[in-house]
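Report on one structure; see the data block that follows.
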Amino acid sequence: MDDTRGRITRNGIRIYEDADFAGMRKAGEYAARILDDVAALVVPGATTAALDDFIRAEIERHGVTSATIGYKGYQHASCISVNHVVCHGIPGPKVLSDGDILNIDVTVIVDGWFGDSSRMYVAGNLPRKAERLIQVTHDALMVGIEAVRPGATFGDIGHAIQTYVEANRMSVVRDFCGHGLGRVFHAPPNVLHYGRAGTGAVLEEGMFFTIEPMVNLGRPETKVLADDWTAVTRDKSLSAQFEHSVGVTADGCEIFTLSPAGKFHPTY
Ligand code: MF3
Ligand code: CO
Ligand code: CO
């Protein structure tokens, strides 16, 4: 894989060049556009396999590549995580019911750059408790993104997210984290969504990574089902997640996976 750009910090985190932001911007926009366009299909009665079929066809139609098909044996163009599924839900024959909430996570490769994003959707009418969970999870991602600037630490990001979520009496999942990306899908560092301010590696301009907090209405513990992918909340409580791919700039960050249609939040 062509991953020899820029330099690597002593924490193993690659520093990309100014010109590399354009590659990430383009990859991120493809991922975001596909997440925009699948929204119309999220209705009661639809199967998660039908949503994945659409995503796969869109990826093909755009002439880009799915990062997940073939990744560690994974066979699908998306992960679709419904209700108490925390992440890595496998699309299949499951039929969506009124009031189901779901995360759809898509990663595409465009000219060698990885664009990774996920959002929440609702089939039919959004239940009150789910609405609050989705709002807090969305805002937790944004609070994390606001902490991104050169000189801050990864612990500052996690601390901002955890503090926000727990102030709203919800819990942050510890078992999965964000990740560096760029010309590869997963690279250092692990981006934790909890932690202490001032700890962890220092952010530098040119770092590319995801922030993708998973938030539960109940306890934070998860377990992985026998399919070796599907992660669920141990207490069966509802879970939500939002993910952006970002790059650190001189004075903050650029979000690569912004929705072209302004549809990132499900109640747009
Ligand atoms: N897109 C997921 C992430 O945010 C990874 C999915 S890997 C898969 O890192 F194989 F489950 F698709
Ligand atoms: Co990711
Ligand atoms: Co993802």
Side-chain angles (χ1 to χ4, degrees), residues 1 13-14 24 27-36 38 48-49 51-56 58-59 64-82 85-92 94 102-110 113-121 137-138 140-141 144-145 148 154 157-158 161 172-193 207-215 222-232 239-247 253 255-259 264:
M1 205 152 300
I13 305 169
R14 191 169 293 279
M24 288 299 285
E29 188 179 333
Y30 275 100
R33 197 173 293 283
I34 290 165
L35 290 175
D36 282 355
V38 75
T48 56
L51 305 180
D52 187 69
D53 287 345
F54 172 83
I55 290 165
R56 186 186 298 249
E58 284 295 287
I59 288 173
V64 300
T65 303
S66 166
T68 57
I69 298 173
Y71 176 78
K72 295 184 176 172
Y74 196 77
Q75 301 285 343
H76 306 274
S78 62
C79 297
I80 304 184
S81 303
V82 182
V85 179
V86 173
C87 63
H88 301 165
I90 302 175
K94 185 190 168 57
L102 50 149
N103 174 277
I104 304 182
D105 191 336
V106 170
T107 310
V108 294
I109 312 170
V110 182
W113 296 99
F114 285 69
D116 185 5
S117 184
S118 80
R119 326 175 177 160
M120 296 303 294
Y121 301 80
T137 309
H138 172 275
L141 169 60
I145 287 174
V148 177
F154 282 95
I157 299 173
I161 292 169
V172 174
V173 169
R174 314 290 205 266
D175 300 335
F176 300 92
C177 57
H179 49 94
L181 83 173
R183 307 282 292 174
V184 292
F185 198 171
H186 294 106
N190 288 329
V191 180
L192 306 184
H193 304 113
M207 289 180 175
F208 296 165
F209 53 89
T210 72
I211 307 178
E212 48 183 298
M214 285 139 276
V215 174
T222 71
K223 68 175 179 195
V224 175
L225 300 185
D227 61 23
D228 275 344
W229 283 105
T230 312
V232 300
S239 188
Q241 180 179 26
F242 285 85
E243 175 177 26
H244 270 317
S245 299
V246 306
C253 78
I255 303 174
F256 297 127
T257 43
L258 285 175
S259 165
F264 190 66

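All ligand and atom numbering here is 1-based and tracks the order in the structure.
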First locate atom [atom1] of [X], then atom [atom2] of [Y], and finally report the distance between them rounded to the nearest 0.5 Å.
{"X": "H88", "Y": "L225", "atom1": "NE2", "atom2": "CG", "result": "13.0 Å"}
{"X": "H193", "Y": "M214", "atom1": "NE2", "atom2": "CE", "result": "5.5 Å"}
{"X": "T68", "Y": "R56", "atom1": "OG1", "atom2": "CZ", "result": "8.0 Å"}

What are the atoms of ligand 1, with element, lying closer than 4.0 Å to any heavy atom of [X]?
{"X": "T107", "result": "1 (N)"}
{"X": "H179", "result": "3 (C), 4 (O), 9 (O)"}
{"X": "T68", "result": "12 (F)"}

(request) Pick, from D116, T230, N103, the option with the minimum heavy-atom distance to atom 3 (C) of ligand 1. (result)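 Result: the heavy atom closest to atom 3 (C) of ligand 1 is in D116.
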(message) With a cutoff of 4.0 Å, is T210 in contact with ligand 1, counting heavy atoms of the residue only?
(response)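 It does not, in that no heavy atom of T210 comes within the 4.0 Å cut-off of ligand 1.
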(message) Please confirm whether H186 approaches ligand 1 to less than 4.0 Å, judged on its heavy atoms.
(response)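 Heavy atoms of H186 do come under 4.0 Å of ligand 1.
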(request) Using 2.8 Å as the cut-off, note every protein N, O or S atom close to the Co ion (ligand 3). (result)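 Only D105 OD1, D105 OD2, D116 OD1, E243 OE1 fall inside 2.8 Å of the Co ion (ligand 3).
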(message) Just by distance, no angles: are the side chains of D116 and H244 close enough, under 3.5 Å, to form a donor-acceptor pair?
(response)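 No pair is found: no donor N or O on one side chain lies under 3.5 Å from an acceptor on the other.
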Quick one: nearest non-hydrogen protein atom to [atom], plus distance?
{"atom": "atom 5 (C) of ligand 1", "result": "F185 CZ, 3.7 Å"}
{"atom": "atom 6 (C) of ligand 1", "result": "C79 SG, 3.9 Å"}
{"atom": "atom 4 (O) of ligand 1", "result": "E212 OE1, 2.8 Å"}
{"atom": "atom 2 (C) of ligand 1", "result": "D105 OD2, 3.4 Å"}

With no hydrogens and no angle check, is any side-chain donor or acceptor of [X] less than 3.5 Å from a backbone partner on [Y]?
{"X": "S81", "Y": "G89", "result": "yes"}
{"X": "R119", "Y": "D105", "result": "no"}
{"X": "S117", "Y": "E243", "result": "yes"}
{"X": "R174", "Y": "V172", "result": "yes"}
{"X": "Q241", "Y": "N103", "result": "no"}
{"X": "N190", "Y": "L192", "result": "no"}

(request) Test F114 against every option in F185, F208, Y71 by the ring-ring contact (aromatic ring centres under 6.0 Å, His included) rule and name the one that passes. (result)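 Between F114 and the candidates, ring-ring contact (aromatic ring centres under 6.0 Å, His included) is satisfied uniquely by F185.
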(request) Assess H186: does it contribute an N, O or S atom lying under 2.8 Å from the Co ion (ligand 2)? (result)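 Here the distance criterion (N, O or S atom, under 2.8 Å) is not met by H186, so no.
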(message) So that I can tick it off, tell me whether D228 and K72 are bridged by a salt bridge, with the cut-off set at under 4.0 angstrom between side-chain N and carboxylate O.
(response)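 Looking at K72 and D228, the cut-off is not met.
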(request) Please state which part of E243 comes within less than 4.0 Å of ligand 1, counting heavy atoms only: side chain, backbone, both or neither. (result)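 The part of E243 near ligand 1 is the side chain, not the backbone.
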